[in-house]
Amino acid sequence: MNIKILGDSCCDLTDELRRKMNVKLIPLTIHVDDDSYIDDDTLDTKELLKKMKESTNSPKTACPSPQEYIKEYEGEESVFVVTLSSKLSGSYNSAVLAKNILLEEIKDKFIHVFDSKSASSGEALISMKIFELAKNGYDNNQIVEKVDQYISEMKTLFVLESLDNLIKAGRISTLKGKLASMLSIVPIMKATNDGEIDLFEKVRGSKKAFKRLLDAIGEQGEKLEEKILGITHCNCLEKALEFKEEVMKKYNFKDIIIFETKGISTVYADDGGLIISF
C-alpha cells in the first residue's frame, strides 16, 4: 500500500487514527485580532475559544500555501489529499495549484486532491475511506472513483449552541442574533451538495435541537448499516457521548466514532457545537 494521505487541519481525525493511517495534516492559520494561531498539535482550543469570546471581531482563517503542500507531495508514494470544502476555504485551490506546479517537474507522479464538500468529521471519514480502499487493494483510479461517490452521498449537519461568530462575521444581524438568543433558538446547519453552509432548521431549545438532529439522520440517510457516523464535538464530550448513545438505540450504523474539534472546526462550530457526518 504505497500511498500517502494528506489532509488540511480541519480533518478532525483522532490521534490514534492518524497514527494508524499515517495521515499528515497541513495546518491552516487562525487570526483573532492581533493573535495568530497555527492549527497544529500545539494549539490549545480552549484558549482559542476564550480569545474568540473576548474579541468583538470575527476570527479569520488562512489556508496553507501551495509550497506547504508541495513539500508534503514529495516522495515515491501516490498522494491523496482531502481538503475543506472549496466553498469555505482556499485550501482546495492551494492544494490543486501545488499539484499542478509539481507535476510540471515530475510527470509520472500520482496526486489527487479531493474537495470534501464538507469539513471536520466529513474530512475524517473521507480519509478513512481512502485508507480502507487502499488497504483492500484498489488501484489509484478505483480509489478516486469510489471516494468521489462516497463524497456525493455524504451528509453533514451541525448544531450551533453559540451564534457569536455568525453575528461577528455579519452572517446574522446583531438584532436577530440577540433575539434568537432570547428565544433560545438553536440553528441546525447543513452542508449543501456543493459544499456550502446552509440552514437546515431552526429549533427552540437545546434539547429539541438535540432530538431534531437525531431524527434528521433517519430522514437524510440511507443504508446506515453500511456507513460510519462521525460525531465531532467542540468542548462538549458529554453531549457527544449522549448523542452516540441515543443514535445506537435508534439506528444501526456500522460504526460510530467521536472526534474533537481542532482549531478550524472550533472556529466554525464554536463552544458547545456538534458536527455529524455519515
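Residues take their numbers from the sequence shown, with the count starting at 1.
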Connected via hydrophobic side-chain network under 4.5 Å: [X] and [Y]:
| X | Y | answer |
| --- | --- | --- |
| Tyr268 | Val32 | yes |
| Ile38 | Val267 | no |
| Val159 | Ile276 | yes |
| Met154 | Phe131 | yes |
| Leu28 | Met52 | yes |

| query | Using 30° and 60° as the class limits, which term best fits the ring planes of Phe253 and Tyr251: parallel, tilted or perpendicular? | reply | perpendicular
Kindly indicate whether the side chain of [X], heavy atoms from C-beta on, has any atom under 4.5 Å from the side chain of [Y].
| X | Y | answer |
| --- | --- | --- |
| Glu123 | Leu84 | yes |
| Ile188 | Val203 | yes |
| Ile30 | Asp35 | no |
| Thr232 | Glu260 | no |
| Leu103 | Lys109 | yes |
| Lys87 | Ile197 | no |
| His112 | Val147 | no |
| Val81 | Lys99 | no |

Consider only side-chain N and O atoms of [X] and [Y], and report whether a donor and an acceptor are under 3.5 Å apart.
| X | Y | result |
| --- | --- | --- |
| Asp115 | Ser86 | yes |
| Asp8 | Thr83 | no |
| Tyr92 | Ser116 | no |

State whether the number of non-hydrogen atoms from other residues, nucleotides or ligands found under 6.0 Å of [X] atom [atom1] is greater than 12.
| X | atom1 | value |
| --- | --- | --- |
| Lys4 | NZ | yes |
| Lys50 | NZ | no |
| Glu76 | CD | no |
| Glu54 | CD | yes |
| Glu225 | CD | yes |
| Asp44 | CG | yes |

| field | Test side-chain hydrogen bond (donor to acceptor under 3.5 Å, both in side chains) applied to Ser55 and Asp33, step by step | value | CA-CA 7 Å; Ser55 175; Asp33 296 329; 2.9 Å; yes
| task | Show your reasoning for whether side chain to side chain contact (heavy atoms under 4.5 Å, CB included) applies to Leu13 and Met128. | result | CA-CA 9 Å; Leu13 283 166; Met128 291 170 64; 4.0 Å; yes
| request: List the atom of Pro66, the atom of Leu97, and the distance in Å for their closest heavy-atom pair. | output: CG-CD2, 3.7 Å
| query | Are Leu199 and Met189 close enough, and set up right, to give a side chain to side chain contact (heavy atoms under 4.5 Å, CB included), and what steps lead you there? | reply | CA-CA 5 Å; Leu199 178 68; Met189 313 297 286; 3.8 Å; yes
| request: Report the residue from Thr261, Thr266, Asn235 that forms a side-chain hydrogen bond (donor to acceptor under 3.5 Å, both in side chains) with Asp271. | output: Asn235
| request: Applying side chain to side chain contact (heavy atoms under 4.5 Å, CB included) between Phe80 and each of Ile111, Leu6, Val144, report the one that passes. | output: Val144
| For residues 138-156, which residue pairs qualify under side chain to side chain donor-acceptor pair (under 3.5 Å), counting only residues two or more places apart or in two chains? | Ser78-Asn140, Ser118-Thr156, Gln149-Glu153, Thr156-Ser277
| field | Worked check of side chain to side chain contact (heavy atoms under 4.5 Å, CB included) between Tyr73 and Ile106 | value | CA-CA 11 Å; Tyr73 289 171; Ile106 309 172; over 6 Å; no
| Residues Phe259, Ile275; criterion side chain to side chain contact (heavy atoms under 4.5 Å, CB included); working and verdict | CA-CA 9 Å; Phe259 306 104; Ile275 306 163; over 6 Å; no
